[in-house]
There are 2 protein chains.
Amino acid sequence: MKDNIKESLRVQIYEDNEELRNMLSMLLTHSNGFELCGAFSNCADVINNIAECLPDVILCDIEMPGVDGIEGVRIIRKQNKEILILMYTVFDDNEHLFEALCEGANGYLLKGESPAEILKALKEMYAGGAPMSPSIAKKVLRLFSIQREKTESDLTPREKEILTLMVAGKSVKMIAGQLDIAFETARTHIKNIYEKLHVHSQTEAVSKAIKERLV
Amino acid sequence: MKDNIKESLRVQIYEDNEELRNMLSMLLTHSNGFELCGAFSNCADVINNIAECLPDVILCDIEMPGVDGIEGVRIIRKQNKEILILMYTVFDDNEHLFEALCEGANGYLLKGESPAEILKALKEMYAGGAPMSPSIAKKVLRLFSIQREKTESDLTPREKEILTLMVAGKSVKMIAGQLDIAFETARTHIKNIYEKLHVHSQTEAVSKAIKERLV
DNA sequence: TCATTCATAACCCTTTTTGGGTATTGCGAT
DNA sequence: ATCGCAATACCCAAAAAGGGTTATGAATGA
């Protein structure tokens, strides 16, 4: 939601390289619609920096001496879920990327993006988006498709249904009740499931079902 | 205009709305660097369509009568992991989004994007990116951060250890053996865990532990 | 038509789990 | 020094789950 009165986006910078930090500062101070509110060389004092300057968004490198960017995000998110954080880094490996996203970063740009792209990303983030460099977006999407190989089990539909209820924590009695079948019928299905999965208890079955994505 | 003969991106369209399909066809035939190779109203014959026209990328609606877009992606990916697929839909709900991504879509645009954005997304996808509408990108990123909040439970370290073994499918006897404690001690811990989680069985505890990411 | 699979259901019997206690030891905080 | 808590351990009775077996009707397919 954009505020008519607010004329510019308040941006705070964290970047250890002085040259780049100055360049980014210049970029922001001289671009319409942006306002620089602080530029720091690491996240050591990030809570105070935010409290003093009240930025809308944070542009944050990852590799920095002292408190790094990911640790910075962690610290910020412990008490502030609202402020927007755009990672800006050379790291394009999965580890840094997913750690940053898990801690609550709102976007992830690789160094190498043009100044115009940086400004666009900051705006996009403020408008409710999640800007990512193309190769980063691809890595993120790939996460969804790679894992999908659900092991082919020869469970019947009914058995799958019952296994699902077991995974949900239901007892035999509850399963029978919910599916409107006799207790002994539910048990028969469960026994067949155990045989097919080569397990001997509900917890084992549930564990295996989850590990092998059978449900 | 040097590359309008050679090096144009071959795009195939799947969209049930005839008006929109024609509009998209026009857009592609009249844009430099793009070449339309087929426009269809559903994915019923997607394998043949691809084999005949050999597109580089596919622009694909989701809601279509007959074989819909998500089913289409599934069919394509069964035999072709290379071709690029950009979903183009009105659906911005998590279910459609994540299903499409899991099946192997390479990008996800919402209807409402400008023609220029569509062309840009097609190009970006071909360049190795994963274009998403801003609000879609945000949903995707949110997946990483929301789940990270492991519910704060007041389980002791020993209890967490035991819960972990339960989640792995171990019985009380096995847990006791593995931790080298008495059977009754393991049971005491388990009883305490049940009380803290408000559950009454191993499967319930395992289910809750997984759902609330306690382990 | 006949064999197979699936979903349904029941029986007997054993083992495990669960819920209720009680109790000791050790360790850090008051 | 004492309090509280975590970890250890045991007992008993009831409930639930597990293992084996058999059986029937419906649907499917060779």
Side-chain angles (χ1 to χ4, degrees), chain A residues 149-215, chain B residues 44 67 71 74-75 78 149-215:
Chain A
E149 320 144 3
K150 46 167 68 182
T151 324
E152 212 44 70
S153 62
D154 45 355
L155 294 181
T156 69
R158 197 53 156 175
E159 284 163 358
K160 276 184 192 158
E161 197 175 355
I162 281 167
L163 185 55
T164 305
L165 291 172
M166 288 202 283
V167 170
K170 311 285 183 183
S171 68
V172 182
K173 202 183 279 183
M174 292 167 86
I175 291 171
Q178 203 156 323
L179 298 182
D180 204 40
I181 55 179
F183 175 84
E184 285 298 332
T185 307
R187 276 203 356 100
T188 303
H189 285 304
I190 291 172
K191 279 185 276 194
N192 292 334
I193 291 170
Y194 288 0
E195 197 172 4
K196 287 180 183 177
L197 300 187
H198 309 295
V199 300
H200 310 278
S201 74
Q202 276 194 45
T203 32
E204 261 190 289
V206 167
S207 173
K208 196 152 190 168
I210 291 164
K211 273 197 296 227
E212 307 194 1
R213 294 203 167 63
L214 302 176
V215 290
Chain B
V67 180
E71 190 56 33
R74 208 185 328 265
I75 294 167
K78 269 199 184 141
E149 313 154 5
K150 43 167 66 180
T151 325
E152 214 43 69
S153 62
D154 45 356
L155 295 180
T156 68
R158 195 54 154 177
E159 284 163 359
K160 276 182 191 159
E161 197 175 355
I162 281 166
L163 185 56
T164 306
L165 291 172
M166 288 203 285
V167 170
K170 311 284 182 182
S171 68
V172 183
K173 203 182 276 185
M174 294 168 86
I175 291 171
Q178 202 156 325
L179 298 182
D180 203 41
I181 55 178
F183 175 85
E184 282 298 332
T185 306
R187 266 189 28 82
T188 304
H189 286 304
I190 290 172
K191 280 187 277 193
N192 292 334
I193 292 170
Y194 287 1
E195 198 172 2
K196 288 180 182 177
L197 299 188
H198 309 295
V199 300
H200 309 278
S201 72
Q202 276 192 43
T203 30
E204 258 190 292
V206 167
S207 175
K208 195 150 190 171
I210 291 166
K211 274 198 296 231
E212 307 194 0
R213 294 197 166 58
L214 302 175
V215 288

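Reminder, nothing fancy here: chain letters follow the sequence lines and each chain counts from 1.
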Should Gln178(A) and Lys170(A) count as side-chain neighbours, where that means a heavy-atom distance under 4.5 Å?
-> yes

Chain A on DNA chain D: first and last contacting nucleotide, 5' to 3', under 4.0 Å to a heavy atom?
-> dA16(D) to dT21(D)

Distance (rounded to the nearest 0.5 Å) between His200(B) NE2 and Glu195(B) CD | 10.0 Å

Working to the nearest 0.5 Å, report the span between OG of Ser201(A) and NZ of Lys208(A).
-> 11.5 Å

Residues in residues 162-175 of chain B with a heavy atom under 4.0 Å of DNA chain D, by number, are none

Is there any protein nitrogen or oxygen under 3.5 Å from a nitrogen or oxygen in nucleotides 23-30 of chain C, and what are the pairs?
none

Interatomic distance where CZ belongs to Phe183(B) and C1' belongs to dT17(C) [whole Å] | 7 Å

For Lys196(B), all residues meeting side-chain hydrogen bond (donor to acceptor under 3.5 Å, both in side chains), sequence neighbours excluded = Glu159(B)

Can you name the residues that form a side chain to side chain contact (heavy atoms under 4.5 Å, CB included) with Ser207(A), not counting sequence neighbours?
-> Lys211(A)

Got a sec, which residues hit side-chain hydrogen bond (donor to acceptor under 3.5 Å, both in side chains) with Arg187(A), two or more places apart in sequence or on another chain?
-> none

Applying side chain to side chain contact (heavy atoms under 4.5 Å, CB included) to Leu179(B) and not counting sequence neighbours gives Arg158(B), Glu161(B), Ile162(B), Leu165(B), Ile175(B), Ile181(B)

Evaluate whether atom NZ of Lys191(A) has more than 12 neighbouring non-hydrogen atoms of other residues, nucleotides or ligands under 6.0 angstrom away.
-> yes

What residues in residues 194-202 of chain A put a non-hydrogen atom under 4.0 Å from any atom of DNA chain D?
-> Tyr194(A), His200(A), Ser201(A), Gln202(A)

With Arg74(B), which residues qualify under side-chain hydrogen bond (donor to acceptor under 3.5 Å, both in side chains), at least two apart?
-> Glu71(B), Glu103(B)

Do the non-hydrogen side-chain atoms of Gln202(B) and Tyr194(B) ever get within less than 4.5 Å of each other?
-> yes

Residues forming a side-chain hydrogen bond (donor to acceptor under 3.5 Å, both in side chains) with Thr185(B), sequence neighbours excluded = none

So, is Thr185(A) close to the dT8(C) phosphate, meaning a side-chain N or O under 4.0 Å from OP1 or OP2?
-> no

When you look at Ile193(A) and Met166(A), which way does the side chain to side chain contact (heavy atoms under 4.5 Å, CB included) test go after all the steps?
-> CA-CA 11 Å; Ile193(A) 291 170; Met166(A) 288 202 283; 4.0 Å; yes

Find the bend of the helix from dT1(C)-dA30(D) to dT30(C)-dA1(D) as the angle between its two terminal axes (five pairs each), to the nearest 10°.
-> 50°

Grab the NZ-C1' distance between Lys160(A) and dC6(C) for me, whole Å please.
-> 14 Å

Here the gap from Leu197(B) atom CG to Leu163(B) atom CG, rounded to the nearest 0.5 Å, amounts to 6.5 Å

If you restrict it to nitrogen or oxygen atoms, what contacts under 3.5 Å exist between nucleotides 11-14 of chain C and the protein, and what is each distance?
residue: dC11(C); atom: N4; partner: Glu184(A); partner atom: OE1; Å: 2.8

